[in-house]
Amino acid sequence: MARSDRVRDRTSRIRRRVLATTLVLGVVVGGAYGAQALSARGEAHKPEAAGPPSALTTPVKRMDLSDEETLPGTLGFGPPYAVKAAGKGTVTRLPATGKVVSRGKPLYWVDDRPVMVFFGDTPMFRTLDKPGLVGRDVTVLAENLRALGYDLDRQGPQQLPQPSRTTNGAAVGTELTPGLLAALKRWQRDTGQQQTGTLELGRVVVLSGSSRVGSLTAQLGDPVPADVLGVTSARKAIDVKVDAQSADSIHQGDKVRISLPDDRVVAGKVVQVATEVQGGGSEEEVSGAESSPTLRVVVEPDDADDVEKLDAASVQVSFTAQRHSDVLAVPVGALLALSEGGYALQRPDGQLVSVKTGLIVKGMAEVSGTGIKDGELVVTAS
């Protein structure tokens with residue numbers, strides 16, 4: 001090899017060593033720098049030690065608490081009851097189903113003579129034609145003629161019908177007077193009836209109040225006496241079956257909320273609570289059907305227009321089972337169960353205050369105790 005070639009080869013080896021040494025140093029220095037940078041960055045983002053969690057608090061509130069029970073019900077005109085024609089004759093005209101009948105108006109016709117409607121609680125069971133007769137049927141006659149605007153004492157105050165009484169003071173009915181018979185004759189004239197001045201058996205039917213014809217039983221040409229038709233209340237009502245064991249909390253006149261099929265919620269009230277228990281008897285046991293004893297509760301909307309377009313529907317009725325007014329209450333999550341029994345509330349400073357609980361409903365608990373006041377903050381779990 002020439003001397004010049006040996007020199008170039010040596011120079012090339014020296015350059016390669018220098019380059020390799022430089023790369024190694026670069027890696028070492030870069031690694032050290034990178035490690036230091038990463039360490040510094042990690043220190044900057046290292047999470048701080050967690051402190052104690054802050055307690056959630058809620059104020060003690062003064063409010064009304066009510067416990068509701070919602071039950072299914074059926075909107076309609078209520079169950080029908082039969083109207084029986086008395087006396088003799090042939091049914092010659094019947095009303096249309098759905099017709100609302102009122103006091104002093106005809107309901108059906110026998111021998112082409114109208115049978116009129118009175119309101120009361122005693123049926124007509126005899127012909128009223130002689131002064132001096134006493135009874136509750138006479139009372140019905142007097143009360144209805146008076147309600148229709150007829151003067152019953154035109155013959156003088158001494159003729160005004162008065163309730164007769166037994167020796168122990170109990171009322172047994174009203175006495176039929178000439179003045180009452182005279183008023184009866186005027187009413188017959190004004191309503192196009194035969195002016196007999198007497199009330200024959202079968203010429204008047206007594207209903208409990210304004211009613212609606214729900215069904216027809218008789219046909220034209222049927223002889224009487226016979227069941228002629230069925231009537232219901234003229235006002236729509238809701239039938240609800242209530243468990244007999246929980247019905248004690250429901251009373252006539254109680255306010256309720258009625259949820260209708262169109263999602264409206266309207267106000268109503270209880271108008272009747274039956275006393276006869278249904279279901280749960282021996283018949284169900286024999287048949288094997290499970291049926292809990294229930295009581296029938298009748299509810300009416302406060303405003304009849306709310307259900308004017310509904311003749312029948314399934315609804316939901318919410319009864320207030322319990323109501324506690326103007327009480328202190330906290331969320332249920334604020335109650336702490338004590339090892340010795342009972343409950344306490346915890347103030348934000350950790351102090352425990354023993355309380356008595358009352359009605360618990362919709363996540364709120366009624367509380368009472370010394371030192372607990374409206375607006376005070378207490379610790380709660382939620």
Side-chain angles (χ1 to χ4, degrees), residues 64-83 95-103 107 117 119-121 206-217 229-281 283-284 289-323 325 359 361-362:
D64 296 340
L65 291 179
S66 60
D67 183 15
E68 286 188 341
E69 181 180 16
T70 300
L71 298 172
T74 303
L75 173 68
F77 290 96
Y81 62 92
V83 174
T97 302
K99 176 181 173 61
V100 176
V101 292
S102 304
R103 188 200 309 264
L107 180 57
V117 173
F119 293 164
D121 56 6
V206 181
L207 304 179
S208 59
S210 181
S211 302
R212 172 183 176 273
V213 178
S215 60
L216 299 178
T217 307
L229 47 82
V231 296
T232 66
S233 169
R235 186 177 175 89
K236 294 172 186 174
I238 299 166
D239 278 353
V240 184
K241 289 184 178 181
V242 179
D243 186 279
Q245 295 182 349
S246 61
D248 289 344
S249 62
I250 299 176
H251 307 89
Q252 184 173 341
D254 285 353
K255 298 295 183 181
V256 300
R257 294 187 302 112
I258 305 168
S259 300
L260 301 176
D262 58 5
D263 294 331
R264 288 182 298 140
V265 178
V266 301
K269 62 178 177 294
V270 176
V271 297
Q272 181 185 353
V273 179
T275 57
E276 181 179 353
V277 176
Q278 300 176 346
E283 292 183 2
E284 287 79 4
E290 295 183 3
S291 176
S292 299
T294 60
L295 286 176
R296 176 174 174 262
V297 174
V298 180
V299 170
E300 286 186 356
D302 288 345
D303 188 348
D305 291 341
D306 288 335
V307 293
E308 180 182 7
K309 297 181 180 180
L310 297 172
D311 282 345
S314 296
V315 301
Q316 298 288 323
V317 181
S318 297
F319 299 88
T320 300
Q322 298 182 72
R323 183 178 181 85
S325 300
L359 181 62
V361 60
K362 297 179 181 178

**Study point:** Thr70 to Ser318 - nearest heavy-atom pair and separation
**Key:** OG1-OG, 2.9 Å
Practice item. Could you list the residues that satisfy salt bridge (charged side-chain N to carboxylate O under 4.0 Å, His left out) with Lys241, not counting sequence neighbours? Key: none
Point to revise | Side-chain heavy-atom pair Ser210, Val100 within 4.5 angstrom cut-off | key: yes
Practice item. Measure across Val277 and Pro293 and return the closest heavy-atom pair with its distance rounded to 0.1 Å. Key: CG1-CB, 3.5 Å
Check your understanding: Heavy atoms, side chains only, cut-off 4.5 Å: are Val297 and Val317 in contact?
Key -> no
Point to revise | Residue of the set Ile238, Leu71, Val240 for which side chain to side chain contact (heavy atoms under 4.5 Å, CB included) holds with Val315 | key: Ile238
**Study point:** CG (Asp305) with more than 12 external heavy atoms under 6.0 Å
**Key:** yes
Review point. How close do Ser211 and Tyr81 get, heavy atom to heavy atom, and via which atoms?
Key: OG-OH, 4.0 Å
Review point. Do Pro95 and Leu229 come close enough that some side-chain heavy atom pair is under 4.5 Å?
Key: yes
**Study point:** Atom pair CZ/CG of Arg323 and Asp67 - distance to nearest 0.5 Å
**Key:** 12.0 Å
**Study point:** Thr320 versus Ser66, closest heavy-atom pair with distance
**Key:** CG2-CB, 4.0 Å
**Study point:** Asp311 bridged to Lys236 by N-O distance under 4.0 Å
**Key:** yes
Exercise for review: Enter the distance from Thr294:OG1 to Glu276:CD here, rounded to the nearest 0.5 Å.
Suggested key: 10.5 Å
Check your understanding: Taking all non-hydrogen atoms of both residues, which atom of Val206 and which atom of Gly120 are closest, and how far apart?
Key -> CG1-N, 3.5 Å
Practice item. Identify the heavy atoms of Gln322 and Leu359 that sit nearest to each other, and give their distance. Key: NE2-CD1, 3.8 Å
Review point. Within a strict 4.5 Å, meaning less than it, do heavy atoms of the Val213 and Leu107 side chains meet?
Key: yes
Using distance only, find each side-chain donor-acceptor pair of residues 249-266 under 3.5 Å and give its atom names and separation, not counting sequence neighbours.
residue : atom : partner : partner atom : Å
Ser249  : OG   : Ser246  : O            : 3.1
His251  : NE2  : Asp248  : O            : 3.2
Asp254  : OD2  : His251  : N            : 2.7
Arg257  : NE   : Glu68   : OE2          : 3.2
Arg257  : NH2  : Glu68   : OE1          : 2.6
Arg257  : NH2  : Glu68   : OE2          : 3.3
Asp262  : OD1  : Arg264  : N            : 3.2
Asp262  : OD1  : Arg264  : NE           : 3.3
Asp262  : OD2  : Arg264  : NE           : 2.7
Asp262  : OD2  : Arg264  : NH2          : 3.2
Arg264  : NH1  : Asp306  : O            : 3.3
Arg264  : NH2  : Asp306  : O            : 2.8

Check your understanding: Looking at side-chain heavy atoms only, is the closest gap between Arg296 and Gln272 below 4.5 Å?
Key -> yes
